[in-house]
Protein chains: 2
Amino acid sequence: MKLFDRSPGENARNYAIRVLLYNIINLELAPGSAVSENELSSTLNLSRTPVREALIELSKSSLVEILPQRGSYISKIDYERIEEARFMRLVLENAVVKLACESPEPVDLKKLKDNISEQKFCLEQEDTARFFPLDNEFHMLLFQSVNKARTFEVIQSQMVHFDRIRTLSLKSSKPTKIVEDHENIIYAIERRDTELAEILMTRHINRHQMEKSELVAAFPDYFIQ
Amino acid sequence: MKLFDRSPGENARNYAIRVLLYNIINLELAPGSAVSENELSSTLNLSRTPVREALIELSKSSLVEILPQRGSYISKIDYERIEEARFMRLVLENAVVKLACESPEPVDLKKLKDNISEQKFCLEQEDTARFFPLDNEFHMLLFQSVNKARTFEVIQSQMVHFDRIRTLSLKSSKPTKIVEDHENIIYAIERRDTELAEILMTRHINRHQMEKSELVAAFPDYFIQ
DNA sequence: AGCATGATACTTGTATACAAGTTATTGCCT
DNA sequence: AGGCAATAACTTGTATACAAGTATCATGCT
């Protein structure tokens, strides 16, 4: 399990959440493995209270399973949950891009284009670490442009499940394709071409689809059933 | 603030959540009012720990706002949040009813029809208290029928905000209309009439829309801004 | 009077002690 | 050896003590 320093001003609970989330997503904490409040609190140099509160929060996102008086475990990967998260995202992103086509504001379009420029810059520098947050920001900007920022937060809270199999899947889709998708979507919005925008968005979201069978075959213990 | 007995087997945290949720939704705890962990723990006859954990959970649903070292407050009603919740629900329910039209299973249709029968029975008995859970169950069954139960859970977690203004608004839509809607939706699904199903669902979801200006005028302190 | 200042009484955040339940182990009995 | 029972070593749940920050109010100074 990898450890970080506590950021200044960060309270113990959020620190615990940050460290645990990182280690769960990057599979440093294996799906199915046991974690205990005592063990974690000594590892993180905290008392049980903030660690416990962190575990409770992660259990609400179904990343941790707490069995009362028995133990806590890193949840195994639930493929159905991931597919459902993708369904939710697909449906909501399409609804949002449709709204965006109805009344595209120049201010919002500028922000989106600026973001794409940054994405391209990262591509040239091959700075993939900086690329992912920008990808995320692009979609956030899209939701913000139609006043649906909170909806995006809901989606994002579901995306953690997706992050875990992205870690597992070595060959994730090329950032080049992703940036192209983004550019085309903005193009469609500017033209107010709802139909095209939805087709492009659907293809974009479905790009992330991973091959279940391969992953389950390679890491059977990480998955439910 | 109304109090209940602790159910057998219910732990202190869930009990605190249940009582607080009830009192927030029914406006026994006024939006904007201060609540403190100490005060609540003595009211509920619990220690601070489970009460604190309950407040943290409610703060995740934006029903409570925790200001570190300053105090905790019942969140004021955010109309934009409610509208956005309705947007999410509208979009997802339509997507689900569309899926249901593609391959309506007899088993699922039977469950839905049985549910409607129960709704009608409640209507005859004028048992509104039993009606609301059935309304909820109807939509849950619909989501389950297309394997999207978790999506429904996400929607439902957003619905608490809606419940609060339903309490405020004395004249909520007549159950009679709601049952009619449900019947018509099932009819459309059986006929695999996607277009009709979506129209009916849209009207059904939008029925709950409340008049913002009236409510804000009557209870200005309960709302943000 | 008005303002600064310090004590006090709050608040939530964190640490720790104890309670209650589960699991594994150990040792005895058959 | 096998099985059963007591026990010890865990687990999370809850209660409480202490830490640290904030707001209020009183007091004294200008």
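Predicted, not measured: the structure shown is a model, and the values here were computed from it. Computation of the quantities below employed the complete heavy-atom set of this structure, encompassing side-chain atoms and omitting hydrogens, waters and symmetry-equivalent molecules. Each chain gets a letter, A, B and so on, in the order the sequences are listed, and its residues count up from 1.
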Hits for side-chain hydrogen bond (donor to acceptor under 3.5 Å, both in side chains) against A/K110, two or more places apart or cross-chain, chain-then-number order -> A/D114

Protein-proximity profile, nucleotides 12-19 of chain D, B/S/- by nucleotide at the 4.0 Å heavy-atom cutoff, equals BBBBBB--

Tabulate below the donor-acceptor pairs under 3.5 Å that side-chain atoms of residues 51-60 of chain B make, not counting sequence neighbours, or state none.
from	atom 1	to	atom 2	distance (Å)
B/R52	NE	A/E53	OE2	2.8
B/R52	NH1	B/E37	OE2	3.2
B/E53	OE1	B/R13	NE	3.1
B/E53	OE2	A/R52	NE	2.8
B/E57	OE1	A/K60	NZ	2.9
B/E57	OE2	A/K60	NZ	3.4
B/S59	OG	B/I56	O	2.6
B/K60	NZ	A/E57	OE1	2.9
B/K60	NZ	A/E57	OE2	3.3

Hits for salt bridge (charged side-chain N to carboxylate O under 4.0 Å, His left out) against B/K113, two or more places apart or cross-chain, chain-then-number order -> B/E190

Residue set satisfying side-chain hydrogen bond (donor to acceptor under 3.5 Å, both in side chains) with B/S157, at least two apart, ordered chain then number -> none

Residues pairing under salt bridge (Lys or Arg N to Asp or Glu O under 4.0 Å) where one sits in residues 134-143 of chain A, two or more places apart or in two chains, turn out to be none

